[in-house]
Each structure stands twice: as C-alpha cells, then as structure tokens.
Amino acid sequence: MSDHIKLFIPGPVEVRRPILEAQAQWMIGHRGKPFETLFARIQPKLRQVFFTQSRVFISTSSGTGLWEAAARNCVSDDPAGGVLAAVCGAFSERWADVFERNGKATTWLRVPEGQAIKPEMVREALLARAAEPNKRPFEAIAIVHNETSCGVMNPLAEIVSVVKALSPQTLILVDAVSSLGGVKIDFDVLGLDVLLTSSQKCFGLPPGLAFAAVSDRALAKAATVKNRGYYFDFVELEKFLQKNHTPATPAISLMFALDRQLDDMLAEGLEGRFARHARMAQRVREWARRQFALFAEPGYESDTVTCVANTRNIDVGALNAFLAARGMHISDGYGALKGKTFRIAHMADTTEEEIQTLLDAIDAFLAQAG
Ligand SMILES: *Cc1c(COP(=O)(O)O)cnc(C)c1O
C-alpha cells in the first residue's frame with residue numbers, strides 16, 4: 001500500500017520522490033553565478049526535449065500564462081488581421097477566450113467536443129479568409145495539440161503543412177501542455193513559432209513552471225506588436241535569457257527539480273519515453289474498448305490521456321472512493337462531460353505496471369458493482 005494517493009489525472013501528475021527532494025536545496029540568488037550556471041545547464045536539455053536549436057523560455061507561471069504570452073506577443077490589435085483559433089474542447093476554447101480578452105480579432109474554427117481538427121477544415125478557413133475583402137491573412141493560428149478535456153490528439157503535422165502552403169506568413173502557436181515530453185513534437189522540423197507546455201503534466205514536475213520554445217520569426221513579430229505587457233513580454237524574456245537570467249524572480253526550487261528531471265528524461269531516452277507513452281495509451285484504450293468505449297473520434301485518440309465514455313453509467317465518485325482506498329485517483333469528465341466520461345492520464349513517469357494495477361482495480365470495482 002502506497003503512503004500517498006497516486007494521481008492518474010491529467011495534471012498535476014504523480015511526482016517521483018527524487019524530484020520532490022531535488023526542490024529541497026538551499027536558496028541561491030537569481031542574479032548570481034550559481035543561478036546563471038543552473039540556467040545555462042537547463043537550456044540545452046530543454047532544447048532537446050523541444051527538438052529545437054531555438055530558445056526555450058522558462059516562465060514562473062502555469063501554462064495559462066504562456067497562452068497570454070502567445071496572444072500578447074504574436075497578434076497585433078489590427079482587426080483586419082487576428083488569430084484563427086482551432087477549438088475542439090474546453091482548453092482550446094479557453095485559449096480562444098484568452099485571445100479575445102486581450103483584444104485580438106479571433107476567428108473560431110470549432111468542431112464538436114470529441115472530434116479532431118482536420119487539415120481540410122484549416123484549409124477552408126484559410127481560403128475563406130483570403131476571399132474576404134478588407135482582411136489580411138491571419139497573423140497566427142492557435143492549435144491545442146492534445147485536447148485534455150476529451151482525449152483528442154489533433155493531427156498537428158498535417159495541419160501545419162496546410163498553413164505553410166496556404167498562409168506561410170501566419171505564425172503557428174501550439175499548446176502542447178498535456179503532450180510535450182510524452183509525444184514527439186519536433187519544433188524545428190515542423191517549423192513552429194510558439195510551442196508551450198506546463199511543468200505538471202508530461203514533464204512529471206510539480207506545478208509552477210511553464211516552458212515555451214519561440215522562433216526568431218515570432219520574436220521579430222513581437223518586437224512590432226504594441227501592448228505586450230511586461231511579465232510575459234518575449235522581447236524582455238529574450239534579453240534576460242541571453243544573460244542566463246529571468247526578468248523577475250523565478251521559482252528557483254522548481255528549477256532545481258527541472259534540472260534533475262531533464263537529466264532523468266534524457267537518460268530514459270526521449271524516443272524510449274515516447275514509446276512508453278504509446279504503450280501505456282494502447283493498454284488503456286484496449287481496456288476501455290473492452291469495458292466501456294472511447295470518447296475520442298477513432299484515429300485521433302490521445303497518447304497521454306484517455307477519455308472513457310461512461311457507457312455503463314457507473315458512479316465515477318464511487319469509483320474514485322474505491323480507488324482512494326487503494327492509493328489511486330483518476331479524473332472525472334471535464335465540465336459538461338462530468339459523469340458522462342472519466343479520464344485516465346498515462347503521462348510523465350507513470351509505468352506500465354502502475355497502469356495495469358489501476359486497470360485491475362477498476363475491474364475489481366466493476367465486478368463488485370455488478
Ligand atoms: C492543463 C492544460 C492547460 C492549462 O495549463 P495550466 O498549467 O493549468 O495553466 C492548457 N492546455 C491544456 C491542453 C491543458 O491540458
């Protein structure tokens with residue numbers, strides 16, 4: 001029996017003991033040499049995980065902060081330009097809302113929850129824009145790679161190809177909060193402009209940090225955009241990054257943990273890590289198809305979180321109470337999907353054995369529930 005409740009929810013995830021302990025180091029000043037050394041040591045490792053030669057900003061915020069950063073830095077206030085926001089669930093909807101609340105002209109490309117954004121839909125939206133008088137090409141497109149609310153993984157590479165072909169000047173902003181570090185996303189090969197994630201999902205860290213790879217092109221655009229604010233200003237972040245600093249005091253303890261976790265991720269091997277995620281996903285999907293059904297559109301199921309359609313109408317609260325007695329916890333459906341679905345995260349440092357133990361426990365619950 002575990003000494004704590006192991007989280008199988010899509011963030012925050014279970015954090016391994018050595019990572020928790022890595023945080024418990026004496027403080028260092030963020031303007032001194034030891035911090036610069038730490039920051040410089042982290043950078044090349046982060047770039048490997050993002051598959052980029054470009055910069056990766058470290059933000060002391062959750063991923064939501066970098067949503068705001070992308071909105072404020074990459075899209076101007078020009079109503080003739082704006083952003084195309086691809087929406088397929090609760091998180092992508094919220095990011096679209098972030099653009100709107102920052103006063104950016106936002107065009108929604110929306111599919112019903114559970115379905116994926118298809119490249120043809122993006123093509124249509126880009127062609128429609130090109131035909132509109134008094135409009136410019138979209139300044140940016142915002143895509144959530146892995147829609148955590150419904151377990152859908154969007155075909156990013158295919159979507160990116162369409163944008164590059166039809167609207168090459170449009171910046172490509174990608175939220176990979178619940179997939180980066182568990183699924184390969186090659187920033188440089190795809191030619192992305194902003195790729196952002198949070199610490200508490202596939203990175204297997206506590207919450208509190210967020211990371212964003214940012215292209216030269218996005219940085220150049222930011223320099224032309226007014227009202228970027230201060231805390232998330234890419235131009236400012238870049239100026240400090242050049243000196244291995246951050247503009248404000250960062251979450252230093254979390255950076256100790258990040259430094260250690262990046263070593264462990266690279267020691268596992270990124271390809272090995274991605275393969276483990278794929279195997280865990282396959283195991284959960286096979287189980288879910290046998291016992292329930294999958295909520296995601298076939299062919300677009302996430303490799304990091306499975307959204308199970310609650311076809312047996314089980315009481316998810318009762319299931320979680322049963323699991324809690326066994327030291328485990330899963331996630332109910334998100335928002336309107338509460339009760340209709342439940343979600344099992346298989347991300348970060350979770351092992352196949354742990355996943356099997358969880359599935360066996362759910363089977364035991366189903367057997368006693370009859
Ligand atoms: C969790 C999540 C977010 C929000 O990230 P925070 O770190 O909680 O701010 C955004 N997008 C997706 C896809 C997520 O799963």
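Numbering of ligands and ligand atoms starts at 1, following listing order.
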Measure the acute angle between the ring planes of Trp287 and Phe292, then classify it against the limits of 30° and 60° as parallel, tilted or perpendicular. tilted
Passing option when Phe57 is tested against Phe234, Phe211, Phe240 for side chain to side chain contact (heavy atoms under 4.5 Å, CB included): Phe234
In chain-and-number order, ligand 1 lies under 4.0 Å from a heavy atom of each of Ser62, Gly63, Thr64, Trp67, Phe91, Val144, Asn146, Thr148, Asp175, Val177, Ser178, Ser198, Gln200, Lys201
Charged tip of Arg260 within 45° of Phe256 ring normal and under 6.0 Å: no
For [X], salt bridge (charged side-chain N to carboxylate O under 4.0 Å, His left out) partners two or more places apart:
X	value
Lys340	none
Arg290	none
Lys226	none

